[in-house]
Amino acid sequence: MANIITRNIPNSITCCNLVSGCIATVYAFGGNYKMALTFIVAGAVFDFFDGMSARLLGVSSPIGRELDSLADNITFGMAPSTMIFTLLSTIGYPAFLEPLRQVLPYSAFLMAAFSALRLAKFNLDERQTMGFIGLPTPANALFWASLIVGMQSILEHCEWTVLIVMPMMLLSCLLLTAELPMFALKFKHRGWKGNEVKYIFVLTCIPLLAFLGLFGLTVIIAWYVLLSMAVWLHNRKKE
């Protein structure tokens, strides 16, 4: 009995992630962006602990890996896409785009599709043990959720929002599946040498969150992407 319970602890945590994503999606459809963000963050916490618990208990399994990807696509793909969909459905449009008002919001779900593609690639890519290839779906979700919550008033009252959001969303889709190496906060040792980028990133995140609040998450994810690109370009020059 104990073994059955132990084996299912990680999967139960993963299901909590999935349920959090479902609830976030419901709130997103209703335009309650703060609660949607809250449950996306909750899903991210569950996503962190399901893998950790599987490793600690020594019960990693193929079904757990597949379940994790399904849950992640709901929480970090569908939920933020729904937030964008609702935003694009309620904001004002420039006159020349008004005829497309009933169509353009649905383009938001492209991000859910690219998130699923990114997760599928992650499951098969053996290069992503100590880092990532492409933008991780939790980072992308937190970027959009915190952007919409932190800038909601501005986004809702600017008639050019659609012309800003659409290109950014397409860029997100590109980054999710791009062959761009991005560092992970995994430390082989605690020393500075070899971990410089990770320590710089962590130390700069603290004041950003302190001064910018929720919107700080958006800036942090953007900073993460830029820092990863800088490291990639630096490494290419060394080659």
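Each residue takes its place number in the sequence, starting with 1.
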How far apart are the closest heavy atoms of [X] and [Y], and which atoms are they?
X: L180; Y: M229; result: CD2-CG, 3.6 Å
X: P138; Y: D47; result: CG-OD2, 4.1 Å
X: P167; Y: I164; result: CD-O, 3.4 Å
X: P181; Y: I133; result: CA-CD1, 4.1 Å
X: S81; Y: A112; result: OG-N, 3.1 Å
X: L155; Y: T161; result: O-OG1, 2.6 Å

Can [Y] be reached from [X] by stepping across I, L, V, M, F, W or Y side chains whose heavy atoms are under 4.5 Å apart?
X: V26; Y: M83; result: no
X: M111; Y: F132; result: yes
X: I206; Y: W223; result: no
X: M151; Y: V41; result: yes
X: I23; Y: I74; result: no

With a 4.5 Å limit on heavy-atom distance, are the side chains of [X] and [Y] in contact?
X: M168; Y: F143; answer: yes
X: L100; Y: Y93; answer: no
X: N73; Y: M78; answer: no
X: I221; Y: N140; answer: no
X: L88; Y: M166; answer: yes
X: S115; Y: D72; answer: no
X: L217; Y: V149; answer: no
X: L117; Y: L176; answer: no

Quick one: does [X]'s side chain have a donor or acceptor within less than 3.5 Å of a partner on [Y]'s backbone?
X: T218; Y: L147; answer: yes
X: K121; Y: T177; answer: yes
X: R101; Y: I91; answer: yes
X: T86; Y: A28; answer: yes
X: Y106; Y: F85; answer: no
X: D68; Y: G64; answer: no
X: T14; Y: L67; answer: no

Should we count [atom1] of [X] as having more than 12 external heavy atoms under 6.0 Å?
X: I63; atom1: CD1; value: no
X: E98; atom1: CD; value: yes
X: F211; atom1: CZ; value: no

With side chain to side chain contact (heavy atoms under 4.5 Å, CB included) as the criterion, how do E156 and L87 come out once you've worked through the C-alpha distance, each side chain's angles and the decisive distance to 0.1 Å?
CA-CA 7 Å; E156 288 180 341; L87 178 69; 4.2 Å; yes
The criterion is side-chain hydrogen bond (donor to acceptor under 3.5 Å, both in side chains); which residues satisfy it with T75, sequence neighbours excluded?
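Expected list: N17.
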Interatomic distance, [X] atom [atom1] to [Y] atom [atom2] [nearest 0.5 angstrom]:
X: L185; Y: Y199; atom1: CG; atom2: OH; value: 10.5 Å
X: I84; Y: L104; atom1: CD1; atom2: CG; value: 13.0 Å
X: N32; Y: L37; atom1: CG; atom2: CG; value: 10.5 Å
X: S107; Y: L170; atom1: OG; atom2: CG; value: 7.0 Å
X: L175; Y: F114; atom1: CG; atom2: CZ; value: 11.5 Å
X: L209; Y: T204; atom1: CG; atom2: OG1; value: 10.0 Å

Derivation of the side chain to side chain contact (heavy atoms under 4.5 Å, CB included) call for L97 and L163
CA-CA 10 Å; L97 283 178; L163 295 177; 3.5 Å; yes
Between N123 and S69, do the side chains contain a donor N or O and an acceptor N or O under 3.5 Å apart?
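Yes, side-chain donor-acceptor contact under 3.5 Å.
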Partners meeting ring pair (Phe, Tyr, Trp, His ring centres under 6.0 Å) with F215 (sequence neighbours left out)
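F215 satisfies ring pair (Phe, Tyr, Trp, His ring centres under 6.0 Å) with no residue once adjacent residues are dropped.
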Specify whether F29 and F109 have parallel, tilted or perpendicular ring planes, treating 30° as the upper limit for parallel and 60° as the lower limit for perpendicular.
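Ring orientation of F29 relative to F109: tilted.
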List the steps, then state whether side chain to side chain contact (heavy atoms under 4.5 Å, CB included) holds for F76 with L119.
CA-CA 10 Å; F76 309 127; L119 290 163; over 6 Å; no
Under the ring-ring contact (aromatic ring centres under 6.0 Å, His included) rule, what pairs show up with a residue in residues 30-63, not counting sequence neighbours?
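Listed by first then second residue: Y27-F39.
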